[in-house]
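Working notes, beginning with the structure itself.
The first residue of the sequence shown is numbered 1, and numbering continues consecutively from there. Atoms within each ligand, like the ligands themselves, are counted from 1 in listed order.
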Amino acid sequence: MLIVQKYGGSSVADAERVLHVAKNIMKTKAAGNDVVVVLSAQGKTTDGLIAKAQEINPKASRREMDMLLVTGEQQSVALMAMAINSLGGRAISLNGAQVGIETTNAYSDARIRKIHAERIENELERGNIVLVTGFQGVNGHGDMTTLGRGGSDTSAVALAAALNADVCEIYTDVEGVYTADPRVVKDAQKLDEISYDEMLELASLGAKVLHCRSVEVAKKYNVKLLVLSSMVEAPGTEVKEGSNMERMLVSGIAADKNVARISLIGINDEPGKAFEVFELMAKEKVSVDIILQSTSRDGKQDISFTIGKQDLDIAKAALEKHKKRLTVSEVQYDEHVAKLSAVGAGMATNPGVASAFFEAMYDVGVNIQMISTSEIKITLLIAEEDVDTAMVAVHDKFKNKSVSMRKD
Ligand code: ASP
Ligand code: MG
(Lines give C-alpha, C1' and ligand atoms only; values in the text may rest on other atoms or scores of the structure.)
(Ligands and ions follow the chains in the order given, each with its own letter.)
Protein backbone atom coordinates (compact mmCIF):
# COMPACT_ATOMS: atom_id res chain seq x y z
CA MET A 1 0.00 0.00 0.00
CA LEU A 2 1.00 3.62 -0.49
CA ILE A 3 0.14 5.57 2.62
CA VAL A 4 0.29 9.35 3.08
CA GLN A 5 0.45 10.40 6.72
CA LYS A 6 0.22 13.93 8.07
CA TYR A 7 1.26 14.96 11.57
CA GLY A 8 0.17 18.30 12.98
CA GLY A 9 2.28 20.75 14.94
CA SER A 10 1.34 19.41 18.38
CA SER A 11 2.25 15.87 17.31
CA VAL A 12 5.84 16.93 16.54
CA ALA A 13 6.16 19.68 19.16
CA ASP A 14 9.41 18.54 20.79
CA ALA A 15 12.22 15.98 20.48
CA GLU A 16 10.31 13.36 22.44
CA ARG A 17 7.25 13.63 20.20
CA VAL A 18 9.37 13.70 17.05
CA LEU A 19 10.99 10.41 18.11
CA HIS A 20 7.59 8.93 19.00
CA VAL A 21 6.20 9.86 15.58
CA ALA A 22 9.37 8.59 13.89
CA LYS A 23 8.68 5.16 15.38
CA ASN A 24 5.08 5.25 14.19
CA ILE A 25 6.22 6.10 10.67
CA MET A 26 8.82 3.34 10.71
CA LYS A 27 6.24 0.83 11.88
CA THR A 28 4.08 1.67 8.88
CA LYS A 29 7.06 1.25 6.60
CA ALA A 30 8.11 -2.03 8.26
CA ALA A 31 4.64 -3.42 7.58
CA GLY A 32 5.55 -3.32 3.90
CA ASN A 33 4.05 0.03 2.87
CA ASP A 34 5.45 2.92 0.91
CA VAL A 35 5.19 5.93 3.19
CA VAL A 36 5.00 9.64 2.39
CA VAL A 37 4.74 11.92 5.41
CA VAL A 38 3.62 15.54 5.51
CA LEU A 39 4.57 17.57 8.57
CA SER A 40 3.45 20.86 10.07
CA ALA A 41 5.78 23.23 11.86
CA GLN A 42 6.53 22.19 15.45
CA GLY A 43 4.10 23.36 18.12
CA LYS A 44 3.49 27.10 17.93
CA THR A 45 6.40 27.75 15.56
CA THR A 46 4.30 29.46 12.89
CA ASP A 47 2.74 31.83 15.46
CA GLY A 48 6.25 32.54 16.77
CA LEU A 49 7.54 33.41 13.30
CA ILE A 50 4.57 35.74 12.70
CA ALA A 51 5.26 37.46 16.04
CA LYS A 52 8.92 37.92 15.07
CA ALA A 53 7.93 39.55 11.80
CA GLN A 54 5.44 41.82 13.60
CA GLU A 55 8.22 43.12 15.84
CA ILE A 56 10.25 44.19 12.86
CA ASN A 57 7.65 45.18 10.29
CA PRO A 58 3.92 44.81 10.94
CA LYS A 59 3.27 45.58 7.28
CA ALA A 60 5.74 43.07 5.87
CA SER A 61 4.94 41.94 2.34
CA ARG A 62 3.16 38.65 1.89
CA ARG A 63 6.05 37.40 -0.19
CA GLU A 64 8.53 37.87 2.63
CA MET A 65 6.05 36.45 5.16
CA ASP A 66 5.84 33.27 3.09
CA MET A 67 9.62 33.15 2.78
CA LEU A 68 9.74 33.22 6.58
CA LEU A 69 6.85 30.87 7.36
CA VAL A 70 7.97 28.03 5.08
CA THR A 71 11.02 27.60 7.32
CA GLY A 72 8.86 26.19 10.13
CA GLU A 73 7.85 23.14 8.13
CA GLN A 74 11.39 22.71 6.80
CA GLN A 75 12.66 22.40 10.36
CA SER A 76 10.11 19.68 11.04
CA VAL A 77 10.93 17.50 8.04
CA ALA A 78 14.69 17.82 8.51
CA LEU A 79 14.44 16.94 12.20
CA MET A 80 12.15 14.01 11.44
CA ALA A 81 14.57 12.68 8.81
CA MET A 82 17.34 12.88 11.42
CA ALA A 83 15.15 11.04 13.94
CA ILE A 84 14.27 8.24 11.53
CA ASN A 85 17.86 7.89 10.35
CA SER A 86 19.06 7.71 13.95
CA LEU A 87 16.64 4.86 14.62
CA GLY A 88 18.03 2.87 11.71
CA GLY A 89 15.44 3.84 9.10
CA ARG A 90 15.96 5.61 5.80
CA ALA A 91 14.26 8.92 5.22
CA ILE A 92 14.72 11.99 3.06
CA SER A 93 13.16 15.39 3.61
CA LEU A 94 11.91 17.56 0.75
CA ASN A 95 10.39 21.04 0.67
CA GLY A 96 7.57 22.21 -1.59
CA ALA A 97 9.92 23.42 -4.31
CA GLN A 98 12.00 20.25 -4.29
CA VAL A 99 8.89 18.11 -4.70
CA GLY A 100 7.44 20.43 -7.33
CA ILE A 101 4.19 21.48 -5.67
CA GLU A 102 3.07 24.19 -8.10
CA THR A 103 0.71 26.81 -6.70
CA THR A 104 -1.05 29.96 -7.81
CA ASN A 105 0.85 33.21 -7.30
CA ALA A 106 -1.18 34.43 -4.30
CA TYR A 107 1.29 34.67 -1.42
CA SER A 108 -0.07 33.53 1.97
CA ASP A 109 -3.20 32.07 0.39
CA ALA A 110 -2.00 30.05 -2.57
CA ARG A 111 -3.92 27.15 -4.13
CA ILE A 112 -2.21 23.99 -5.36
CA ARG A 113 -2.33 23.74 -9.15
CA LYS A 114 -0.23 20.69 -9.81
CA ILE A 115 2.03 18.28 -8.00
CA HIS A 116 4.91 16.57 -9.77
CA ALA A 117 5.07 13.03 -8.50
CA GLU A 118 8.41 11.92 -10.03
CA ARG A 119 10.82 13.00 -7.31
CA ILE A 120 8.73 11.37 -4.59
CA GLU A 121 8.22 8.23 -6.64
CA ASN A 122 11.95 7.93 -7.28
CA GLU A 123 12.72 8.28 -3.59
CA LEU A 124 10.09 5.67 -2.69
CA GLU A 125 11.59 3.30 -5.23
CA ARG A 126 14.95 3.70 -3.53
CA GLY A 127 13.31 2.52 -0.34
CA ASN A 128 13.16 5.91 1.35
CA ILE A 129 10.47 7.22 3.62
CA VAL A 130 9.68 10.60 2.03
CA LEU A 131 9.06 13.55 4.34
CA VAL A 132 7.40 16.56 2.72
CA THR A 133 6.85 20.03 4.18
CA GLY A 134 3.17 20.85 4.62
CA PHE A 135 1.49 24.16 3.84
CA GLN A 136 3.76 25.26 1.00
CA GLY A 137 4.59 25.19 -2.67
CA VAL A 138 6.24 27.23 -5.35
CA ASN A 139 4.54 29.71 -7.67
CA GLY A 140 4.99 30.85 -11.26
CA HIS A 141 7.74 33.28 -10.23
CA GLY A 142 9.69 30.43 -8.64
CA ASP A 143 8.93 31.86 -5.19
CA MET A 144 7.85 29.91 -2.13
CA THR A 145 4.18 30.31 -1.24
CA THR A 146 2.03 29.13 1.65
CA LEU A 147 -1.50 27.74 1.49
CA GLY A 148 -3.07 29.65 4.40
CA ARG A 149 -3.10 28.75 8.11
CA GLY A 150 -3.77 25.09 8.73
CA GLY A 151 -2.86 24.28 5.12
CA SER A 152 -0.75 21.19 5.84
CA ASP A 153 -3.88 19.02 5.78
CA THR A 154 -4.50 20.22 2.25
CA SER A 155 -0.89 19.44 1.26
CA ALA A 156 -1.33 15.90 2.54
CA VAL A 157 -4.63 15.23 0.79
CA ALA A 158 -3.40 16.78 -2.46
CA LEU A 159 -0.28 14.60 -2.32
CA ALA A 160 -2.41 11.53 -1.66
CA ALA A 161 -4.50 12.40 -4.73
CA ALA A 162 -1.46 13.10 -6.92
CA LEU A 163 0.30 9.89 -5.89
CA ASN A 164 -2.90 7.88 -6.03
CA ALA A 165 -2.30 6.75 -2.45
CA ASP A 166 -4.47 4.07 -0.86
CA VAL A 167 -5.19 6.21 2.18
CA CYS A 168 -4.41 9.61 3.68
CA GLU A 169 -4.06 9.46 7.46
CA ILE A 170 -4.28 12.76 9.33
CA TYR A 171 -2.70 12.39 12.78
CA THR A 172 -3.67 14.96 15.36
CA ASP A 173 -3.98 15.52 19.12
CA VAL A 174 -7.56 14.22 19.34
CA GLU A 175 -8.79 10.75 18.43
CA GLY A 176 -10.87 11.77 15.45
CA VAL A 177 -13.83 13.94 14.55
CA TYR A 178 -16.19 14.50 17.47
CA THR A 179 -19.86 15.43 17.77
CA ALA A 180 -18.63 18.68 19.38
CA ASP A 181 -15.35 20.14 20.64
CA PRO A 182 -14.36 17.59 23.34
CA ARG A 183 -12.59 20.30 25.34
CA VAL A 184 -15.91 22.12 25.76
CA VAL A 185 -18.44 19.30 25.71
CA LYS A 186 -17.20 16.57 28.07
CA ASP A 187 -19.39 13.80 26.69
CA ALA A 188 -18.79 14.60 23.03
CA GLN A 189 -18.54 11.37 21.07
CA LYS A 190 -16.07 10.34 18.47
CA LEU A 191 -17.67 9.59 15.10
CA ASP A 192 -16.65 6.39 13.31
CA GLU A 193 -17.37 8.01 10.01
CA ILE A 194 -18.65 11.22 8.49
CA SER A 195 -19.49 12.23 4.92
CA TYR A 196 -17.34 14.64 2.93
CA ASP A 197 -20.23 17.12 2.79
CA GLU A 198 -20.84 17.10 6.53
CA MET A 199 -17.12 17.39 7.23
CA LEU A 200 -16.87 20.29 4.78
CA GLU A 201 -19.62 22.15 6.62
CA LEU A 202 -18.13 21.42 10.05
CA ALA A 203 -14.66 22.52 8.93
CA SER A 204 -15.93 25.73 7.37
CA LEU A 205 -18.12 26.46 10.41
CA GLY A 206 -15.24 26.38 12.84
CA ALA A 207 -14.32 22.77 13.66
CA LYS A 208 -10.56 22.94 13.61
CA VAL A 209 -9.68 19.31 13.09
CA LEU A 210 -9.34 19.57 9.30
CA HIS A 211 -8.50 22.42 6.94
CA CYS A 212 -11.62 23.06 4.88
CA ARG A 213 -9.84 22.86 1.54
CA SER A 214 -8.36 19.46 2.40
CA VAL A 215 -11.89 18.06 2.58
CA GLU A 216 -12.77 19.67 -0.76
CA VAL A 217 -9.76 18.02 -2.38
CA ALA A 218 -10.54 14.67 -0.73
CA LYS A 219 -14.10 14.78 -2.04
CA LYS A 220 -13.06 15.85 -5.52
CA TYR A 221 -10.46 13.10 -5.91
CA ASN A 222 -12.22 10.57 -3.71
CA VAL A 223 -9.27 10.26 -1.33
CA LYS A 224 -9.85 7.87 1.56
CA LEU A 225 -9.29 10.10 4.56
CA LEU A 226 -8.72 8.98 8.16
CA VAL A 227 -8.44 11.29 11.18
CA LEU A 228 -6.46 9.65 14.00
CA SER A 229 -4.60 10.40 17.20
CA SER A 230 -0.83 10.47 17.13
CA MET A 231 -0.71 9.66 20.86
CA VAL A 232 -3.07 6.70 21.29
CA GLU A 233 -3.78 3.81 18.99
CA ALA A 234 -7.49 3.98 18.22
CA PRO A 235 -9.60 3.57 15.08
CA GLY A 236 -10.25 7.29 14.42
CA THR A 237 -12.84 8.74 12.04
CA GLU A 238 -13.19 7.94 8.37
CA VAL A 239 -14.27 10.79 6.08
CA LYS A 240 -15.96 9.43 2.99
CA GLU A 241 -18.76 9.68 0.47
CA GLY A 242 -22.02 9.64 2.44
CA SER A 243 -24.49 6.87 1.85
CA ASN A 244 -28.19 7.58 2.21
CA MET A 245 -28.62 4.57 4.43
CA GLU A 246 -26.39 5.95 7.11
CA ARG A 247 -26.95 9.64 7.16
CA MET A 248 -26.89 11.29 10.52
CA LEU A 249 -29.60 13.64 11.65
CA VAL A 250 -26.98 15.72 13.38
CA SER A 251 -23.41 14.63 13.10
CA GLY A 252 -21.73 17.51 14.86
CA ILE A 253 -21.82 20.92 16.50
CA ALA A 254 -19.18 23.50 15.62
CA ALA A 255 -18.42 26.97 16.96
CA ASP A 256 -16.56 29.81 15.29
CA LYS A 257 -15.48 32.80 17.35
CA ASN A 258 -13.76 34.56 14.50
CA VAL A 259 -16.87 36.52 13.64
CA ALA A 260 -17.98 40.15 13.75
CA ARG A 261 -21.47 41.52 13.10
CA ILE A 262 -22.25 44.75 11.30
CA SER A 263 -25.73 46.29 11.33
CA LEU A 264 -26.70 49.11 9.00
CA ILE A 265 -29.67 50.92 10.48
CA GLY A 266 -32.28 52.95 8.63
CA ILE A 267 -31.33 52.39 5.00
CA ASN A 268 -33.78 53.64 2.39
CA ASP A 269 -36.02 50.75 1.38
CA GLU A 270 -35.49 50.89 -2.38
CA PRO A 271 -34.00 48.65 -5.07
CA GLY A 272 -30.21 48.63 -5.32
CA LYS A 273 -29.32 49.32 -1.68
CA ALA A 274 -28.29 45.76 -0.79
CA PHE A 275 -26.33 45.65 -4.02
CA GLU A 276 -24.46 48.86 -3.14
CA VAL A 277 -23.58 47.62 0.35
CA PHE A 278 -22.27 44.24 -0.73
CA GLU A 279 -20.58 45.58 -3.83
CA LEU A 280 -18.63 47.84 -1.49
CA MET A 281 -17.65 44.86 0.69
CA ALA A 282 -16.62 42.86 -2.38
CA LYS A 283 -14.45 45.74 -3.58
CA GLU A 284 -12.68 45.71 -0.22
CA LYS A 285 -12.28 41.91 -0.51
CA VAL A 286 -14.30 41.38 2.65
CA SER A 287 -16.21 38.12 2.51
CA VAL A 288 -19.65 38.26 3.96
CA ASP A 289 -21.37 35.35 5.61
CA ILE A 290 -24.85 35.49 7.18
CA ILE A 291 -27.06 38.30 5.86
CA LEU A 292 -30.32 39.44 7.38
CA GLN A 293 -32.60 42.18 6.09
CA SER A 294 -35.49 43.48 8.15
CA THR A 295 -38.91 44.32 6.76
CA SER A 296 -39.45 47.96 6.04
CA ARG A 297 -40.79 50.52 8.50
CA ASP A 298 -41.68 54.01 7.21
CA GLY A 299 -39.64 53.41 4.06
CA LYS A 300 -36.54 52.41 6.03
CA GLN A 301 -34.97 49.03 6.70
CA ASP A 302 -31.96 47.50 8.46
CA ILE A 303 -29.37 45.16 6.98
CA SER A 304 -27.15 43.06 9.24
CA PHE A 305 -24.35 40.75 8.16
CA THR A 306 -21.36 38.91 9.54
CA ILE A 307 -17.72 38.96 8.45
CA GLY A 308 -14.44 37.55 9.74
CA LYS A 309 -12.95 39.56 12.64
CA GLN A 310 -9.78 40.23 10.68
CA ASP A 311 -11.79 42.26 8.12
CA LEU A 312 -13.63 44.46 10.61
CA ASP A 313 -11.32 47.49 10.38
CA ILE A 314 -11.42 47.53 6.58
CA ALA A 315 -15.21 47.09 6.50
CA LYS A 316 -15.70 49.80 9.13
CA ALA A 317 -13.61 52.33 7.26
CA ALA A 318 -15.38 51.66 3.96
CA LEU A 319 -18.89 51.83 5.47
CA GLU A 320 -18.20 55.03 7.41
CA LYS A 321 -16.81 56.62 4.28
CA HIS A 322 -19.84 55.75 2.17
CA LYS A 323 -22.50 56.08 4.88
CA LYS A 324 -24.23 59.03 3.21
CA ARG A 325 -24.36 57.49 -0.24
CA LEU A 326 -25.73 54.25 1.21
CA THR A 327 -28.38 56.28 3.13
CA VAL A 328 -27.38 54.55 6.38
CA SER A 329 -28.37 56.49 9.48
CA GLU A 330 -26.29 54.42 11.89
CA VAL A 331 -23.64 51.69 11.60
CA GLN A 332 -23.37 49.29 14.54
CA TYR A 333 -20.53 46.84 15.11
CA ASP A 334 -20.19 43.89 17.42
CA GLU A 335 -17.05 41.80 17.49
CA HIS A 336 -18.07 39.77 20.52
CA VAL A 337 -20.28 37.35 18.63
CA ALA A 338 -19.85 33.73 17.59
CA LYS A 339 -21.48 31.28 15.24
CA LEU A 340 -22.82 28.04 16.62
CA SER A 341 -23.79 25.45 14.03
CA ALA A 342 -25.35 22.02 13.90
CA VAL A 343 -24.51 19.93 10.85
CA GLY A 344 -26.12 16.73 9.64
CA ALA A 345 -27.13 15.22 6.33
CA GLY A 346 -30.44 13.98 7.71
CA MET A 347 -31.53 17.41 8.88
CA ALA A 348 -33.16 18.49 5.65
CA THR A 349 -36.06 16.10 6.15
CA ASN A 350 -36.51 16.61 9.88
CA PRO A 351 -38.04 19.89 11.08
CA GLY A 352 -37.56 18.78 14.71
CA VAL A 353 -33.89 19.61 14.53
CA ALA A 354 -34.34 23.37 14.22
CA SER A 355 -36.88 23.56 17.02
CA ALA A 356 -34.70 21.40 19.31
CA PHE A 357 -31.79 23.76 18.63
CA PHE A 358 -33.90 26.83 19.48
CA GLU A 359 -35.31 25.15 22.57
CA ALA A 360 -31.79 24.45 23.81
CA MET A 361 -30.95 28.16 23.50
CA TYR A 362 -34.12 29.05 25.39
CA ASP A 363 -33.27 26.53 28.15
CA VAL A 364 -29.99 28.31 28.90
CA GLY A 365 -31.30 31.81 28.24
CA VAL A 366 -29.14 32.51 25.20
CA ASN A 367 -30.43 35.13 22.81
CA ILE A 368 -30.31 34.35 19.10
CA GLN A 369 -29.20 37.32 17.00
CA MET A 370 -29.28 35.79 13.54
CA ILE A 371 -30.25 32.46 11.96
CA SER A 372 -29.05 30.90 8.76
CA THR A 373 -29.91 27.48 7.37
CA SER A 374 -28.99 25.22 4.48
CA GLU A 375 -29.91 21.65 3.56
CA ILE A 376 -27.51 20.17 6.06
CA LYS A 377 -26.81 22.89 8.62
CA ILE A 378 -28.34 25.41 10.98
CA THR A 379 -26.19 28.30 12.14
CA LEU A 380 -27.06 30.72 14.95
CA LEU A 381 -25.26 33.93 15.73
CA ILE A 382 -25.03 34.45 19.49
CA ALA A 383 -22.89 36.41 21.97
CA GLU A 384 -19.32 35.10 22.11
CA GLU A 385 -19.46 34.74 25.89
CA ASP A 386 -22.41 32.35 25.58
CA VAL A 387 -20.93 30.02 23.05
CA ASP A 388 -19.52 27.31 25.35
CA THR A 389 -22.68 27.05 27.45
CA ALA A 390 -24.78 27.03 24.30
CA MET A 391 -22.67 24.30 22.74
CA VAL A 392 -23.07 22.05 25.77
CA ALA A 393 -26.81 22.75 25.86
CA VAL A 394 -27.49 21.97 22.22
CA HIS A 395 -25.30 18.87 22.34
CA ASP A 396 -27.25 17.64 25.39
CA LYS A 397 -30.55 18.43 23.77
CA PHE A 398 -29.83 16.42 20.65
CA LYS A 399 -28.49 13.56 22.70
CA ASN A 400 -31.41 13.41 25.12
CA LYS A 401 -34.10 13.89 22.55
CA SER A 402 -32.40 11.12 20.66
CA VAL A 403 -33.46 12.89 17.50
CA SER A 404 -29.89 12.90 16.49
CA MET A 405 -26.29 11.96 17.08
CA ARG A 406 -27.38 8.64 15.76
CA LYS A 407 -28.36 7.19 12.45
CA ASP A 408 -31.92 7.82 11.33
N1 ASP B 1 2.15 25.56 10.29
C2 ASP B 1 1.02 26.09 9.58
C3 ASP B 1 0.07 26.76 10.57
O4 ASP B 1 0.34 26.80 11.76
C5 ASP B 1 0.33 25.09 8.74
C6 ASP B 1 -0.29 23.93 9.48
O7 ASP B 1 0.06 23.66 10.61
O8 ASP B 1 -1.14 23.25 8.89
O9 ASP B 1 -0.93 27.27 10.18
MG1 MG C 1 -4.35 21.80 11.62
Side-chain angles (χ1 to χ4, degrees), residues 4-14 17-18 21 36-54 62 64-80 93-96 99 101 103 106-112 131-138 144-160 168-178 181-183 199-200 202-218 225-231 236-237 239 254-258 308 310:
V4 174
Q5 299 185 330
K6 180 258 170 179
Y7 295 88
S10 55
S11 304
V12 294
D14 52 32
R17 300 239 171 122
V18 168
V21 166
V36 175
V37 179
V38 173
L39 298 179
S40 285
Q42 291 184 290
K44 299 251 172 276
T45 302
T46 307
D47 291 335
L49 291 171
I50 292 172
K52 261 188 193 172
Q54 288 274 328
R62 291 179 170 210
E64 299 307 333
M65 283 308 293
D66 278 2
M67 199 59 188
L68 179 67
L69 296 190
V70 295
T71 63
E73 272 67 17
Q74 290 198 45
Q75 292 181 22
S76 292
V77 290
L79 292 169
M80 187 61 74
S93 64
L94 298 172
N95 69 19
V99 169
I101 300 180
T103 73
Y107 299 103
S108 90
D109 192 27
R111 308 285 142 134
I112 297 175
L131 308 171
V132 181
T133 49
F135 166 66
Q136 61 178 262
V138 59
M144 300 300 294
T145 50
T146 65
L147 307 181
R149 296 304 305 270
S152 295
D153 297 336
T154 300
S155 306
V157 177
L159 271 168
C168 181
E169 301 174 342
I170 307 279
Y171 286 90
T172 176
D173 53 1
V174 289
E175 279 175 43
V177 181
Y178 281 73
D181 184 343
R183 283 161 302 190
M199 193 62 239
L200 254 178
L202 282 176
S204 68
L205 293 167
K208 297 214 173 54
V209 354
L210 284 177
H211 195 228
C212 196
R213 272 154 51 205
S214 72
V215 189
E216 267 168 39
V217 177
L225 195 57
L226 281 175
V227 182
L228 303 152
S229 159
S230 63
M231 319 293 168
T237 302
V239 187
D256 186 355
K257 298 183 183 172
N258 180 30
Q310 72 282 357

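- Closest approach of Asp173 and Ser10 over heavy atoms only: OD2-OG, 3.4 Å.
- When side chains are defined from C-beta on, Leu202 does not count as touching Val215, because their heavy atoms never get closer than 4.5 Å.
- For Gly134, the closest heavy-atom approach to ligand 1 does not fall below 4.0 Å.
- Neither the backbone nor the side chain of His211 has a heavy atom within less than 4.0 Å of ligand 1.
- Close contacts between ligand 1 and Ser40 involve ligand atoms 6 (C), 7 (O), 8 (O) [criterion: under 4.0 Å to a heavy atom].
- Atoms CG and CD, from Leu39 and Gln5 in turn, are 10.0 Å apart once rounded to the nearest 0.5 Å.
- The local environment of CE in Met67 is sparse, with at most 12 non-hydrogen atoms from other residues, nucleotides or ligands closer than 6.0 Å.
- Atoms of ligand 1 lying under 4.0 Å from any heavy atom of Gly150, numbered from 1 in the order shown and given with element: 3 (C), 5 (C), 6 (C), 8 (O), 9 (O).
- Taking the side chain as every heavy atom from C-beta outward, Arg213 and Arg111 approach each other to under 4.5 Å.
- Atom numbering of ligand 1 starts at 1 in the shown order; those under 4.0 Å from a heavy atom of Arg149 are 3 (C), 4 (O), 9 (O).
- To the nearest 0.5 Å, the span separating CD1 on Ile50 from OG1 on Thr45 amounts to 11.0 Å.
- A donor-acceptor contact closer than 3.5 angstrom is absent between the side chains of Asn95 and Thr133.
- Ligand 1 does not have Gly72 within reach: every non-hydrogen atom of the residue lies 4.0 Å or more from it.
- Distances from atom 8 (O) of ligand 1 to the heavy atoms of Ser152, Ala156, Ser155 show the closest one on Ser152.
- Taking only nitrogen or oxygen atoms, main chain and side chain alike, Phe135 does not reach within less than 3.5 Å of ligand 1.
- Of the N or O atoms in Glu73, one or more lie within a sub-3.5 Å distance of an N or O in ligand 1.
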